[in-house]
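Remarks on the structure that follows.
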2 protein chains.
Amino acid sequence: MSDSAQPRTASADSGTSTAAAFSPLYQQIKALLVKSLDAGEWKPGESIPSEIELAARFQVSQGTVRKAVDELAGQNILLRRQGKGTFVATHLEPRVRFRFLRLAPNEGAPEPAQSKILDCRRIRANAEIARALEIKSGEPVVAIRRVLSFSNVPTVVDDIYLPGALFKGLTADLLNDYSGPLYGLFESEFDISMVRADEQLRAVAAPDDIALALGLTAAIPLLCVERISFTYGNRPVELRIGHYVTNEYYYRNSLN
Amino acid sequence: MSDSAQPRTASADSGTSTAAAFSPLYQQIKALLVKSLDAGEWKPGESIPSEIELAARFQVSQGTVRKAVDELAGQNILLRRQGKGTFVATHLEPRVRFRFLRLAPNEGAPEPAQSKILDCRRIRANAEIARALEIKSGEPVVAIRRVLSFSNVPTVVDDIYLPGALFKGLTADLLNDYSGPLYGLFESEFDISMVRADEQLRAVAAPDDIALALGLTAAIPLLCVERISFTYGNRPVELRIGHYVTNEYYYRNSLN
DNA sequence: AAGTGGTCTAGACCACGTT
DNA sequence: ACGTGGTCTAGACCACTTT
């Protein structure tokens with residue numbers, strides 16, 4: 001085997017416009033890996049094939065597979081463990097949990113949250129929900145309201161909206177019977193992995209119903225967090241509007 | 001030259017405890033590069049030597065230099081430009097500006113902010129400032145208050161605290177004569193590059209003086225952002241407490 | 001044409017975990 | 001001992017920018 005280092009050009013010319021998009025081999029491998037993940041070939045928590053096996057499967061060198069896997073590991077989609085293998089990230093591992101829950105106490109160590117479901121019903125998407133989930137207005141949506149407490153202090157009210165088509169058997173009973181992070185339930189019961197999220201943060205006066213759910217007597221300022229979560233391929237699968245009490249807790253962030 | 005792939009072990013045993021910390025070559029190179037950046041060998045905006053030159057200088061292969069540079073580029077400390085070279089990141093480039101200013105308008109495209117200095121004086125560090133900046137209580141600190149406006153709407157009040165020892169000639173006049181991002185001024189006038197920051201976010205009722213500075217009539221909820229900024233080597237060099245009006249703007253964030 | 005970073009390969013060896 | 005990911009090297013070629 002002599003030189004075979006030429007990347008296979010990914011996309012054909014679309015006819016009209018400029019040059020064909022050049023796509024490096026490792027990007028193509030990366031896309032293939034994501035496709036397999038999306039198809040459920042490897043489930044969260046499981047290991048994917050070794051680099052050598054993947055190299056053989058895709059007919060590229062181990063180094064090229066490595067670069068593809070490196071990027072997916074950098075996006076926290078895969079998890080490398082030296083000596084053991086490469087694993088599909090899961091929200092059931094404690095290590096990953098605080099990636100999406102950014103509340104930390106002003107003092108002391110973080111504690112696990114207790115969740116209480118206040119409501120779970122099927123509604124039709126209004127314009128805002130439809131836009132966020134990229135579905136049509138009027139399509140079915142599961143609407144959940146829950147309270148998160150730390151050390152028995154109610155701290156967060158989340159309003160969660162999920163595409164009905166993807167969450168068929170989701171009921172209040174199922175939610176109540178489950179303890180652990182919601183995203184873990186979504187993985188194990190509905191085969192939906194949350195991979196990334198965008199958030200918009202604002203300070204607002206507590207709306208009446210939220211204040212009530214939190215046991216607040218006045219409309220104190222709350223941190224309003226509007227989140228859209230995405231699964232593989234940047235497909236939005238959750239809209240979540242949270243209201244956080246930020247007296248004893250704060251939202252932590254890092255700028256790089 | 002045969003095999004010379006053995007990494008030079010970085011640290012000697014400290015005597016007491018367990019095995020010597022293994023440090024890969026590229027990490028050592030990375031540390032050397034940061035050291036040079038910190039020493040001002042290459043200034044923000046300038047290019048660093050080519051990979052081939054660096055490989056010769058450090059007596060390693062180009063691939064090892066590449067991995068070190070890759071990581072620094074991933075941290076936004078360096079900036080790679082194909083065909084041109086590798087450059088030291090600078091806050092004067094528009095591309096980098098929105099990395100540290102996370103306010104985006106509810107509608108429309110982001111606009112540049114106008115800054116107005118309300119105050120600039122030298123004070124002594126109280127306990128909170130001293131802890132954040134890792135200096136002693138009572139040491140000199142530059143305290144700045146400014147307002148940021150978008151389209152002439154006052155939106156942010158920042159209280160900024162800087163170690164006096166590092167910002168000798170910083171005066172209100174200097175700040176007023178300057179237009180552009182503060183971090184750009186810090187780079188060009190004081191040789192201090194902001195590389196990373198940690199933030200704590202809370203919703204608070206507007207304090208009186210802040211409300212006054214923003215032209216608010218009532219104590220509406222504000223987003224309070226407490227930021228500690230770091231230069232090379234994780235040395236804290238700025239404490240900044242911002243209060244944001246989040247009616248027309250929001251704080252954007254991404255979770256990965 | 002020359003120089004830069006970007007991709008790809010092949011092979012050696014190291015560190016870690018399991019068998 | 002073996003298999004996994006992690007590091008390091010050397011060399012070829014590609015893509016982009018400047019001379």
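Every chain is numbered from 1 and lettered A, B, ... according to where its sequence line falls, protein lines coming before strand lines.
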Integer-rounded Å distance: C:dA15 P and B:Gln27 CD: 15 Å
Atom CD of A:Gln59 and atom P of C:dC8: how far apart are they, to the nearest Å? 15 Å
So if I take every side-chain heavy atom of B:Pro24 and compare against C:dC8, D:dG5, D:dT7, which nucleotide ends up nearest? D:dT7
A:Phe150 ring center within less than 6.0 Å of A:Tyr249 ring center: yes
Rounded to whole angstroms, how far apart are CD1 on A:Ile29 and P on C:dC8? 9 Å
When you check the phosphate oxygens OP1 and OP2 of C:dT4, does a side-chain N or O of B:Ser50 lie under 4.0 Å from one of them? yes
Spacing of A:Phe58 atom CZ relative to C:dT9 atom C1', expressed in whole Å: 18 Å
Expressed in angstrom and rounded to an integer, what is the separation of B:Ile52 atom CD1 from D:dT9 atom C1'? 15 Å
Report yes if the distance between the aromatic ring centroids of A:Phe167 and A:Phe186 is under 6.0 Å, otherwise no. yes
Going through the checks in order, is the side-chain contact (heavy atoms from CB on, under 4.5 Å) test met by A:Leu175 and A:Arg146? CA-CA 10 Å; A:Leu175 291 168; A:Arg146 69 153 181 195; over 6 Å; no
Expected output is a numbered-order residue list: members of residues 61-74 of chain B with a heavy atom under 4.0 Å from any atom of DNA chain D. What is it? B:Ser61, B:Thr64, B:Lys67
Could you tell me whether the side chain of A:Arg99 and the main chain of B:Asn256 form a donor-acceptor pair under 3.5 Å? yes
note: B:Leu79, atom CG; C:dG6, atom C1'; distance rounded to Å ~ 15 Å
Please list each protein N or O that sits under 3.5 Å from an N or O in nucleotides 16-19 of chain C, with the distance.
residue : atom : partner : partner atom : Å
C:dC16  : O4'  : A:Gln82 : OE1          : 3.2

Show your working on side-chain contact (heavy atoms from CB on, under 4.5 Å) between A:Ile160 and A:Leu182 and close with a plain yes or no. CA-CA 10 Å; A:Ile160 299 170; A:Leu182 261 195; 3.4 Å; yes
Separation of D:dC8 C1' from B:Leu54 CG (nearest whole Å): 17 Å
Name every donor-acceptor pair, under 3.5 Å, that has one atom in a side chain of residues 87-94 of chain A and the other anywhere in the protein, sequence neighbours excluded.
residue : atom : partner  : partner atom : Å
A:Thr90 : OG1  : A:Leu92  : N            : 3.0
A:Thr90 : OG1  : A:Glu187 : OE1          : 2.7
A:His91 : NE2  : A:Met194 : O            : 2.8

Given atom CD of B:Glu53 and atom C1' of C:dT4, what is their separation to the nearest angstrom? 10 Å
